[in-house]
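For reference, the structure discussed in these notes is given below.
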Amino acid sequence: MWHQIALALPQLLRGLRTTLEISALVLVAGSLVGFVVGLLLLYGGLVVRLAARAYVDTVRGIPVLVLIFVCYFALPAFGLRLSAWQAGVTALTVFAAAHIAEIVRGGIDSIPRAQSDAAKAVGLTFWQRLRLVILPQATRRMLPPWVNAAVEIVKGSSLLSLLGIVDLLLAMQNVVGYTFIVLPFYFLTAVLYFVVNFTVSRTAATLERRFAYLKY
């Protein structure tokens with residue numbers, strides 16, 4: 001058994017690399033889009049705020065698996081044909097952005113308005129107040145829920161195996177298919193997912209301690 005595990009390990013590690021690449025790409029893209037949408041929820045005009053709210057509430061109410069299937073199977077009906085990888089990454093990014101937008105909105109909204117007013121009184125512009133006063137404090141509050149979203153994205157990336165993307169889960173299933181060894185490979189896959197998510201959580205905890213001086 002150990003010999004077969006050793007032989008299958010490179011295949012599992014290639015699947016793990018795919019999982020990490022997709023998760024990292026989705027986190028970066030989802031965070032950027034989510035940040036912009038979060039700002040629109042707070043500072044956009046009425047129509048923009050309503051549109052951003054409709055996007056966030058709609059996407060958060062749809063299971064991520066449905067979003068994946070919509071991007072892969074439904075978009076071609078409208079002339080937009082995506083590969084399995086493109087459809088999966090797009091669906092996860094749309095899902096992540098909606099959740100991160102709500103995190104951004106909540107984090108910024110939790111900072112007392114008096115601080116923004118005080119910064120405005122000394123002549124800071126909107127973007128200066130946001131960059132120098134609001135965001136440094138809000139970031140510390142946004143970090144824990146952002147980590148939860150990151151962990152969910154890593155776990156949610158396993159759904160892309162349904163589209164045939166050889167991530168860690170599908171790599172494990174392929175290995176089980178030709179070795180007929182089930183439990184050890186399921187256990188090993190669970191350990192690899194745990195290591196990834198534990199590393200994300202510990203990294204975030206370290207960052208949170210570094211932002212501790214911003215507590216008020």
Side-chain angles (χ1 to χ4, degrees), residues 16-17 19-44 49 52-53 55-64 67 89-120 124-160 167-168 190-216:
L16 176 63
R17 186 178 65 185
T19 293
L20 293 177
E21 289 174 348
I22 291 174
S23 300
L25 180 59
V26 169
L27 270 177
V28 172
S31 296
L32 291 175
V33 176
F35 180 75
V36 172
V37 176
L39 292 182
L40 293 178
L41 283 171
L42 287 167
Y43 305 115
R49 285 203 310 273
R53 172 53 60 193
Y55 160 70
V56 170
D57 289 347
T58 301
V59 172
R60 291 179 75 203
I62 299 175
V64 65
L67 288 175
V89 169
T90 300
L92 287 178
T93 299
V94 169
F95 177 79
H99 286 263
I100 291 173
E102 193 62 22
I103 293 170
V104 171
R105 184 205 61 77
I108 293 177
D109 208 29
S110 68
I111 305 303
R113 184 175 296 272
Q115 296 200 23
S116 181
D117 293 339
K120 188 176 182 179
L124 296 185
T125 65
F126 169 78
W127 292 110
Q128 286 174 328
R129 295 196 302 274
L130 189 65
R131 180 169 57 88
L132 300 175
V133 179
I134 305 300
L135 282 182
Q137 300 177 78
T139 298
R140 184 174 180 274
R141 299 186 176 193
M142 290 188 286
L143 198 52
W146 183 87
V147 171
N148 290 335
V151 170
E152 289 302 318
I153 289 168
V154 173
K155 291 189 291 186
S157 68
S158 64
L159 296 172
L160 302 192
D167 67 337
L168 177 57
V191 169
L192 291 175
Y193 273 116
F194 172 79
V195 169
V196 171
N197 287 328
F198 183 77
T199 302
V200 171
S201 299
R202 289 298 89 196
T203 302
T206 302
L207 291 174
E208 194 175 357
R209 283 195 295 273
R210 292 191 177 185
F211 280 110
Y213 71 94
L214 293 171
K215 186 185 297 184
Y216 57 90

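None of the values given here were measured: they were computed from a predicted structure. Positions are given from 1, in the same order as the sequence printed here.
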*Only counting residues at least two apart or in another chain, list the ones meeting salt bridge (charged side-chain N to carboxylate O under 4.0 Å, His left out) with Arg105.*
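So Arg105 forms a salt bridge (charged side-chain N to carboxylate O under 4.0 Å, His left out) with Glu102, Asp109.
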Mind checking whether [X] and [Y] have side chains closer than 4.5 Å, heavy atoms only?
X      : Y      : answer
Ile103 : Asn148 : no
Leu192 : Thr19  : no
Trp127 : Leu130 : yes

For [X] and [Y], which heavy atoms make the closest approach, and how far apart are they?
X      : Y      : value
Ala138 : Ile111 : N-CD1, 3.9 Å
Val94  : Tyr55  : O-OH, 2.9 Å
Ala119 : Val133 : CB-CG2, 3.8 Å
Arg53  : Leu41  : N-CD2, 3.5 Å
Val26  : Ala96  : CG1-CB, 4.0 Å
Val56  : Ala98  : CG1-O, 3.7 Å

*asked:* Would Val196 and Leu16 count as a side chain to side chain contact (heavy atoms under 4.5 Å, CB included) here? Give the steps.
replied: CA-CA 9 Å; Val196 171; Leu16 176 63; 3.9 Å; yes
*Thinking salt bridges, do Arg113 and Asp117 make one under a 4.0 Å N-O criterion?*
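No, this pair does not count.
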In Å, rounded to the nearest 0.5 Å, how long is the span from [atom1] of [X] to [atom2] of [Y]?
X      : Y      : atom1 : atom2 : result
Thr93  : Leu27  : OG1   : CG    : 9.0 Å
Asp167 : Leu20  : CG    : CG    : 10.5 Å
Leu25  : Leu92  : CG    : CG    : 10.0 Å
Ile22  : Leu168 : CD1   : CG    : 11.0 Å
Arg131 : Leu124 : CZ    : CG    : 9.5 Å
Phe198 : Thr203 : CZ    : OG1   : 9.5 Å

Under 3.5 Å, side-chain donor or acceptor atoms of residues 150-160 against the rest of the protein: list the pairs with distances, not counting sequence neighbours.
residue: Glu152; atom: OE2; partner: Lys155; partner atom: NZ; Å: 3.3
residue: Ser157; atom: OG; partner: Val154; partner atom: O; Å: 2.6
residue: Ser158; atom: OG; partner: Lys155; partner atom: O; Å: 2.6

*Does Arg141 reach the main-chain N or O of Gly107 with its side chain, forming a donor-acceptor pair under 3.5 Å?*
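Judged by distance alone, no pair lies under 3.5 Å.
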